[in-house]
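Worth knowing before you read on, the calculation uses all heavy atoms, side chains too, and leaves out hydrogens, waters and symmetry mates. Chain letters run A, B, ... following the sequence lines, proteins first, then strands; residues in each count from 1.
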Amino acid sequence: RLRKWQRRIRVSNATERNLAFALSELDRMASAMGLPRNVRETAAMIYRKAVNKNLIRGRSIEGVVAASLYAACRQCGVPRTLDEVAGSSRVGRKEIGRTYRFMTRELKLKLMPTKPQDYVQRFCSELKLSGEVQSKAAEILKDASEKELTSGRGPTGVAAAAIYISSIICNERRTQREVADVAGVTEVTIRNRYKELTEKLGIDIVL
Amino acid sequence: MAKMNIENVVASTSLGQELDLKAIENALEGADYNPQQFPGLVYRIKEPKTATLLFRSGKVVCTGAKSLGDVKIAISKVAKDLEKANIKISIEPKIEVQNIVASSDLEQEINLNTVAITLGLEKVEYEPEQFPGLVYRLDEPKVVVLLFGSGKMVCTGAKVPEDVVRAVDKIAAELRAASLMS
DNA sequence: AGGTTACTTTCAAAAGC
DNA sequence: GCTTTAAAAAGTAACCT
């Protein structure tokens, strides 16, 4: 009987130790990514649910932590790309993506696909663009969505192009390179999305 | 209506005898064997344009054929080439189709976001950040379909051509039922 | 700015790590 | 899970002129 108790204590210690490690890693990543407290708390909640359902088996704690953060960002409406999350983790993008799919499936997290609009505030802030530009970009994205110009395109690229166009319209111009760097896409992508949006939405840009 | 085009067929069989892959590599033009990297020998032929993997056990995997008929022709050619290169094949290979990849077209633009939200329970995956196509998994037939914004699709995992037709019809019917397509 | 090549996703089998 | 093969879809990326 004493043995039984000792084992329970050992398991308990290991569980607590792992949880402590996971939460510290979660906090380290969240800080590195500059995530607000509500996202950290959401991520911690998702991680605990994963632990309770034994989803960590066969996976690394770091991978589950990274996937929890990725899911939390999306659930809170402030998505980070898998590349951004992987950039602050020891785990690669591919594995974080797999763990994320597995977790959403098992925990029945029904997250909506990410949309370009989800990135507008963050990108505009980093580019120090006004609320006027944000509103203009939102307007462009609404039209783009209605005219089927977003299906299959990367949300960050479409958001970047809308912001680029809006910055010019509002006389707060940012270069394609500046917007591309903040959005994590190439200038070629902004150029392609820019061409499609201006042509199909009839936006005239005078340079 | 359902224009379906088979793009690739993967099939396996067995020659019923052990093979000396080193010897085959030296005897056949178009044979590549790097056991360090992969246990199978890769043998490419131009007509039908295919790549066949030969294993020491005599097991064979043929990929790249554009039709079920081409699979037979390709495997027969491989067997004939092996015999010309000294290795005699005694049995008639029993071919098993493992996977058929086909393309099709709904001929209508599709709003993938709406499809994902509407039919997005357990069978749909749509991550535009990672890949432009929506992944649609069907239980019956057991195949996976990639649906694009253009309405073009790719069906994979099918064992027989009929699986592709059924899958495409089933998805078209579901989209119509949800008014996501006319 | 273009153009070409290449990688992302899906699938299955093979033998072995 | 990885390694290798082939192929389509459409978007994005990398590299070169």
Y33(B) backbone acceptor or donor facing E25(B) side chain under 3.5 Å:
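Answer holds: yes.
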
Is the side chain of R80(A) donor-acceptor paired with the backbone N or O of C73(A) at a distance under 3.5 Å, no angle test?
no

Scanning both residues in full, the closest heavy-atom pair of R74(A) with M112(A) reads NH2-O, 2.9 Å

Work out which heavy atom in A160(A) is nearest to a heavy atom in V179(A); give both atom names and the distance.
O-CG1, 3.4 Å

Contact state string [nucleotides 1-6 of chain C, B base, S sugar-phosphate only, - no protein heavy atom under 4.0 Å]
SS----

Under 4.0 Å protein heavy-atom contacts per nucleotide of nucleotides 12-17 of chain C, with B for base, S for backbone only and - for none
BBBBS-

When all nucleic acid strands are considered with a 4.0 Å heavy-atom cut-off, which category describes [X]: base, sugar-phosphate, or nothing?
X: V185(A); value: sugar-phosphate
X: G151(B); value: nothing
X: T50(B); value: nothing
X: T189(A); value: sugar-phosphate

Please tell me if the side chains of [X] and [Y] come closer than 4.5 Å, counting only heavy atoms from C-beta onward.
X: Y43(B); Y: L82(B); value: no
X: E95(A); Y: S60(A); value: yes
X: V71(B); Y: V97(B); value: no

Output the residues of residues 89-114 of chain A in contact with DNA chain C, where contact means a heavy atom of the residue under 4.0 Å from an atom of the strand; sort by number or write none.
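Output list: R101(A).
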
Strand contacts (DNA chain C) in residues 114-135 of chain B, 4.0 angstrom heavy-atom criterion
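The answer is Q130(B), F131(B).
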
Contact nearer the 5' end of DNA chain D, comparing V42(B) with L146(B)
V42(B)

Closest nucleotide of DNA chain D for S150(B) versus for G184(A): which of these residues is on the 5' side?
S150(B)

Other than L2(A), what residues sit in its cluster of Ile, Leu, Val, Met, Phe, Trp and Tyr side chains whose heavy atoms are under 4.5 Å apart, directly or through others?
none

Anything under 4.0 Å to a heavy atom of chain A counts; send over the first and last such nucleotide of DNA chain D, read 5' to 3'.
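Here the contact window of chain A covers dG1(D) to dA14(D).
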
Please determine whether side-chain hydrogen bond (donor to acceptor under 3.5 Å, both in side chains) holds for the pair T81(A) and E129(B), giving the CA-CA distance in whole Å, both sets of side-chain angles, and the decisive distance to 0.1 Å.
CA-CA 7 Å; T81(A) 64; E129(B) 194 80 68; 5.7 Å; no

Measure the distance from CG on L82(A) to C1' on dT9(C) and round it to the nearest whole Å.
13 Å

